[in-house]
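Accompanying notes for the structure given below.
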Amino acid sequence: MVTLAKLHTFIEKGHRVTVIGPSDYHYYSGMGPGMLGKTYSPADIRFATKHVVEKQGATFIRAKAVRVNPDKKIVTLDAGDSVPYDIISFNAGSYVPRLNLSEDAETIFSVKPIEKLLQAQAKILELTDGKKISIGILGGGPSSAEVAGNIWQLVHNAGRTMPDIRIFAGNRFMSRFPENVRSKVQRSLEKRGIEINSGEYVQSIAAKSITLTSGQSHSLDFVFLAMGVKPNPIFKNSGIPTGPDGGLEVNEFLQSTAYPEIFGGGDCIYFKKQPLDKVGVYAVRQNPVLFRNLMAALSGEALTPFDPGGDYLLIFNLGGGTGVLRKRWLLLEGKLAFIIKDAIDRKFMKKFQALED
Ligand SMILES: Cc1cc2nc3c(=O)[nH]c(=O)nc-3n(C[C@H](O)[C@H](O)[C@H](O)COP(=O)(O)OP(=O)(O)OC[C@H]3O[C@@H](n4cnc5c(N)ncnc54)[C@H](O)[C@@H]3O)c2cc1C
């Protein structure tokens, strides 16, 4: 986002800049579950990438980058054409593996890409219109908790028939988090009738049902996949060195360990020195370093190392205007936690949306 906001500084120095992305807008995932629950409109949570890029004199190409040839310094796009580069920055994020599911299954959605949550919202409202349905959320991390709480909010506020909402959490719900955070999130969801199934994994998914490792089957009218994310596969597909998770392996300068002209940040990288959680907090902390290093690489100046920093503020939007917040020893549950998250997220978006004017 910082580099996008400052593209004009590259152009003022005489460089040509091309931005490649599959949509004219970039959606902020931190507010995605809130959009699903109708706290936010799509316009509240998106940044007009194409407009801001072109306004600064750079070129925007609406496409997906599918492969890189690091020796020839060429990126290949999904339509087959290619774009040459001297220096490149990858910020292509992560995706939810869809197992063997077809892309067009109308009642199976992933928590990413964020823009698809809007289609999921419409489908849920259609299915809960006068009918009791059953919704399963596969995965037991924060995105699963946030999606569950916001489906509850969506249906509740729309006055539709509340579905059975069930989280299939795998071994343990929110297992990466301390017990006090875990139990508060769980209690908040269970208080509203959201069921959490743990102790076993989902073995297979069919159009209208899932089967667990115990052999037990559950029929579901709607499924959300929230089983964790994987870095964009572009690097693996291009034979560029990756970390164990498939992310672009980068050194302390956010630079490919094999190709000095390749940089990257956010969910699509593997920070070799210290593997990082896939949270937006790191993408945001990397922002200024990435910008500085792209500029330095073009002018032959020294690169700046990225320091991941310490503990970060965690806030989950659990729907119903409530949340759970944790920062070091501070733990908050309820309306105030959500109000703080809402204020931080809106401020973040406003800062970048101001560039659109
Ligand atoms: C539901 C949900 C809620 C979350 N909530 C929070 C939160 O509250 N706080 C927090 O810190 N983290 C949160 N996270 C994690 C956070 O979203 C990510 O860590 C963060 O978005 C990573 O930023 P990024 O820029 O790397 O990727 P993204 O934000 O995913 O952006 C990637 C961009 O690349 C584009 N792209 C994808 N493929 C290609 C391609 N092949 N070619 C070109 N462009 C491509 C995408 O369209 C997108 O615009 C949440 C995640 C999810 C799924």
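Note that the coordinates shown come from a computational prediction; the quantities given were computed from them, not determined experimentally. Throughout, residue positions are numbered sequentially from 1 according to the sequence presented. Both counts, for ligands and for their atoms, begin at 1 and track the order of listing.
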Next item on the list: Output, in order, the C-alpha distance, side-chain angles, deciding distance and verdict of side chain to side chain donor-acceptor pair (under 3.5 Å) for D267 and S94.
Entry: CA-CA 6 Å; D267 281 9; S94 54; 2.8 Å; yes
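Near G266, meaning under 4.0 Å from one of its heavy atoms, ligand 1 places the atoms 26 (O). Near K278, meaning under 4.0 Å from any of its heavy atoms, are these atoms of ligand 1: 15 (C), 19 (O). With ligand atoms numbered from 1 in the order given, ligand 1 contributes 43 (C), 44 (N) to contacts under 4.0 Å with heavy atoms of I20.
At least one N or O atom of V281 sits closer than 3.5 Å to an N or O atom of ligand 1. Of the N or O atoms in D267, one or more lie within a sub-3.5 Å distance of an N or O in ligand 1. Checked by distance only, ligand 1 and A283 stay at 3.5 Å or farther apart across all their nitrogen or oxygen atoms.
Nearest to atom 8 (O) of ligand 1 among the protein's heavy atoms is K341 NZ, 2.8 Å. Protein heavy atom closest to atom 45 (C) of ligand 1, with residue, atom name and distance, is P22 CD, 3.6 Å. The protein heavy atom nearest to atom 48 (C) of ligand 1 is H26 ND1, 3.5 Å. Of the protein's non-hydrogen atoms, A65 N, 2.9 Å is the one closest to atom 42 (N) of ligand 1. Looking only at protein heavy atoms, the nearest one to atom 37 (C) of ligand 1 is A92 O, 3.2 Å. Shortest contact from atom 4 (C) of ligand 1 to any protein heavy atom: S29 O, 3.8 Å. The protein atom (non-hydrogen) at minimum distance from atom 38 (N) of ligand 1 is N232 ND2, 3.1 Å. Remark: minimum distance from atom 5 (N) of ligand 1 to any protein heavy atom is reached at G30 CA, 3.6 Å.
Ring centroid separation for the pair H218 and F168 comes in under the 6.0 Å cut-off. Ring centroid separation for the pair Y282 and Y312 comes in under the 6.0 Å cut-off. A ring-centre distance under 6.0 Å is not found for F352 and Y28. When ring centroids are compared, F271 and F306 come within the 6.0 Å threshold. Checked against a 6.0 Å centroid threshold, the rings of F109 and F222 count as neighbours.
Within the 4.0 Å heavy-atom cutoff, S23 does not count among the residues contacting ligand 1. Proximity of N91 to ligand 1 is established by a heavy-atom distance of less than 4.0 Å.
Checking S256 against E249 by side-chain atom types alone, no donor-acceptor pair falls below 3.5 Å.
Remark: R182 is not positioned above the aromatic ring of F177, lacking an NZ or CZ atom under 6.0 angstrom from the ring centre and at most 45 degrees off the axis.
Other residues, nucleotides and ligands contribute more than 12 heavy atoms inside 6.0 Å of the CG atom of D311.
When heavy-atom distances to ligand 1 are checked against a 4.0 Å cut-off, A226 has no atom that comes that close, whether in backbone or side chain.
Among I340, I339, V324, the single residue meeting the side-chain contact (heavy atoms from CB on, under 4.5 Å) criterion with I315 is I340.
When the options M31, Q286, K112 are ranked by their closest heavy atom to atom 30 (O) of ligand 1, first place goes to K112. The heavy atom nearest to atom 20 (C) of ligand 1, out of those in A63, C268, G280, is found in G280.
For S82 (side chain) and I74 (main-chain N/O), no donor-acceptor pair under 3.5 Å exists by modelled atom type.
For the residue pair A92 and N232, the shortest heavy atom distance occurs at O-ND2, 3.2 Å.
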